[in-house]
Amino acid sequence: MANEFYEQVYALVRLIPKGKVCSYGVIAEALGKFGAARQVGYALNKCPIDLPAHRVVNRKGNLSGKLNFGDDNMQKLLEAEGISVKNDQIVNFEQHFWDPIKELEI
DNA sequence: TGAGTGACTGTAA
DNA sequence: CTTACAGCCACTC
């Protein structure tokens with residue numbers, strides 16, 4: 001690929017602290033692609049094994065790519081990090097939400 | 001090149 | 001809060 005955007009997405013996802021989650025739109029925004037949330041998801045679709053994609057969810061906190069994440073149970077991984085998941089949706093999403101822009105802005 | 005697709009989001013109801 | 005519609009950008013066929 002050699003797409004810088006993809007690399008940035010991967011790099012940012014890896015920066016997500018354990019026990020925290022983020023939305024596609026925020027990631028796209030942090031990379032300067034305000035309307036490219038779908039591309040973030042597309043980038044994650046490549047899903048490198050070392051990429052904690054389970055920490056990335058949509059704006060509703062729904063595990064959109066749970067099935068696409070792989071054989072592993074995305075919900076289980078989140079719960080292992082202290083994130084409660086109910087009905088494929090993160091509980092207290094705002095509480096676990098991590099804003100890369102705000103964090104990187106420091 | 002153009003049409004179809006998608007791990008999305010904002011707005012409206 | 002959810003559901004439905006439209007807009008959005010990049011990739012695949």
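Just the heavy atoms: all of them, side chains too, but no hydrogens, waters or symmetry mates, feed the values below. Labels below follow one simple rule: chain letters A, B, ... track the order of the sequence lines, proteins then strands, and each chain is numbered from 1.
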Are OP1 or OP2 of [N] and a side-chain N or O of [X] less than 4.0 angstrom apart?
X	N	result
A:Q89	C:dT2	yes
A:S64	B:dC8	yes
A:N45	B:dT5	no

Polar side-chain atom of A:E103 near backbone of A:W98 as donor-acceptor pair, under 3.5 Å: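 No.
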Test item: A:N87 side-chain N/O and A:Q89 main-chain N/O as donor-acceptor pair under 3.5 Å: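 No, A:N87 side chain to A:Q89 backbone: no donor-acceptor pair under 3.5 Å.
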[X] [atom1] - [N] [atom2] separation (whole Å):
X	N	atom1	atom2	value
A:Y6	B:dA7	OH	C1'	12 Å
A:E4	C:dC9	CD	P	19 Å
A:Q8	C:dC9	CD	P	17 Å
A:N62	C:dC1	CG	P	13 Å
A:Q39	C:dG7	CD	C1'	13 Å
A:F93	B:dC8	CZ	C1'	12 Å
A:F34	B:dT9	CZ	C1'	14 Å
A:L63	B:dA7	CG	C1'	10 Å

If you only use heavy atoms from C-beta on, which nucleotide in [options] is closest to the side chain of [X]?
X	options	answer
A:K60	B:dC8, C:dT2, C:dT12	C:dT2
A:R38	B:dA7, C:dA4, C:dC9	C:dC9
A:S23	C:dT12, C:dC9, B:dT9	B:dT9

Under 4.0 Å between any heavy atoms, over every strand shown, what does [X] touch: base, sugar-phosphate, or nothing? Just pick one.
X	value
A:A43	nothing
A:G35	sugar-phosphate
A:K33	sugar-phosphate

Side-chain donor/acceptor of A:Y24 to base of B:dA7, under 3.5 Å: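 In this structure, the two groups form a donor-acceptor pair.
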Exercise answer: donor-acceptor pairs, residues 76-85 of chain A side-chain atoms, under 3.5 Å, sequence neighbours excluded:
unit_1 : atom_1 : unit_2 : atom_2 : d
A:E79  : OE2    : A:Q75  : NE2    : 3.1
A:E81  : OE1    : A:G19  : N      : 3.3
A:E81  : OE1    : A:R55  : NE     : 3.0
A:E81  : OE2    : A:H54  : NE2    : 3.2
A:E81  : OE2    : A:R55  : NE     : 3.2
A:E81  : OE2    : A:R55  : NH2    : 2.8

Side chain to side chain contact (heavy atoms under 4.5 Å, CB included) partner of A:Q39, the single match among A:F5, A:Y24, A:Y6: A:F5
hydrophobic_cluster_shared for A:I27 and A:L104, side chain cutoff 4.5 Å: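 Yes: a chain of side-chain contacts under 4.5 Å links A:L104 to A:I27.
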